[in-house]
Amino acid sequence: MRIWFKLWKENHLLKDIVIENNEDDTRTHKIFQAIDAVCYEFDLSKPIWLDATIAEFKRHDKARFYQDHFVEEVPFDYLEIEVIEED
């Protein structure tokens with residue numbers, strides 16, 4: 001599985017990274033492990049999955065985490081997560 005994470009501010013891409021996970025694990029565990037890895041890489045607190053975010057991710061394999069999803073202040077408009085390849 002490959003997941004693409006992008007940090008956006010004022011419609012400009014600040015940073016992006018692709019996290020790859022080929023372990024024999026559930027899809028949910030792979031997604032949460034990728035989020036842990038990107039939060040460590042970008043020095044962020046872990047975002048909170050709101051019901052609307054979960055529904056969006058289930059429909060499109062893509063979701064956005066805004067300031068409301070983070071406990072601390074973040075220096076960007078949103079973090080986008082997108083599954084670009086499934087196992």
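The structure presented is a predicted model; accordingly, all values stated were derived computationally and were not measured.
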Under 4.5 Å side-chain linkage, directly or through intermediates, the cluster mates of Ile84:
Trp4, Val18

Cluster overlap Leu7 with Ile17, hydrophobic side-chain contacts below 4.5 Å:
yes

May I ask whether Leu50 and Phe32 are part of the same hydrophobic cluster, defined by side-chain heavy atoms of I, L, V, M, F, W, Y residues being less than 4.5 angstrom apart, directly or through others?
no

Hey, can you pull the donor-acceptor pairs under 3.5 Å for the side chains in residues 64-73, sequence neighbours left out?
| residue | atom | partner | partner atom | Å |
| --- | --- | --- | --- | --- |
| Arg64 | NE | Glu80 | OE2 | 3.0 |
| Arg64 | NH2 | Tyr78 | OH | 3.4 |
| Arg64 | NH2 | Glu80 | OE2 | 3.3 |
| Gln67 | OE1 | Val74 | N | 3.0 |
| Gln67 | NE2 | Glu72 | O | 2.9 |
| His69 | ND1 | Tyr66 | N | 2.7 |
| His69 | ND1 | Tyr66 | O | 3.4 |
| His69 | NE2 | Thr53 | OG1 | 2.9 |

Which is it for Trp8 and Leu13 under the side chain to side chain contact (heavy atoms under 4.5 Å, CB included) test, yes or no, and what are the steps along the way?
CA-CA 5 Å; Trp8 292 91; Leu13 181 63; 4.0 Å; yes

Contact check, side chains of [X] and [Y], non-hydrogen atoms, under 4.5 Å:
X: Glu85; Y: Glu20; result: no
X: Ile81; Y: Ile35; result: yes
X: Glu41; Y: Lys15; result: no

If you round to the nearest 0.5 Å, how far is [atom2] of [Y] from [atom1] of [X]?
X: Lys30; Y: Ile19; atom1: NZ; atom2: CD1; result: 14.0 Å
X: Leu44; Y: Asp36; atom1: CG; atom2: CG; result: 12.0 Å
X: Glu23; Y: His29; atom1: CD; atom2: NE2; result: 11.0 Å
X: Ile54; Y: Trp49; atom1: CD1; atom2: CH2; result: 7.0 Å
X: Asp61; Y: Ile31; atom1: CG; atom2: CD1; result: 7.5 Å
X: Lys9; Y: His12; atom1: NZ; atom2: NE2; result: 11.0 Å

Closest approach of Cys39 and Ser45, non-hydrogen atoms and distance?
SG-O, 3.6 Å

For the pair Asn21 (side chain) and Met1 (backbone), establish whether a donor and an acceptor sit closer than 3.5 Å, ignoring hydrogens and angles.
no

Should we say atom NZ of Lys46 is surrounded by more than 12 heavy atoms from elsewhere, each under 6.0 Å from it?
no

Asn22, CG: over 12 other non-hydrogen atoms inside 6.0 angstrom
yes

Taking Arg27 first and then Glu86, would you say they form a salt bridge - that is, a charged N and a carboxylate O separated by under 4.0 Å?
yes

Between Lys6 and Glu82, is a salt bridge (Lys or Arg N to Asp or Glu O under 4.0 Å) present by the stated rule, with each step listed?
CA-CA 9 Å; Lys6 298 172 263 186; Glu82 180 179 2; 3.3 Å; yes

Stepwise, does the side chain to side chain contact (heavy atoms under 4.5 Å, CB included) test hold for Asp16 with Phe5?
CA-CA 5 Å; Asp16 71 322; Phe5 293 88; over 6 Å; no

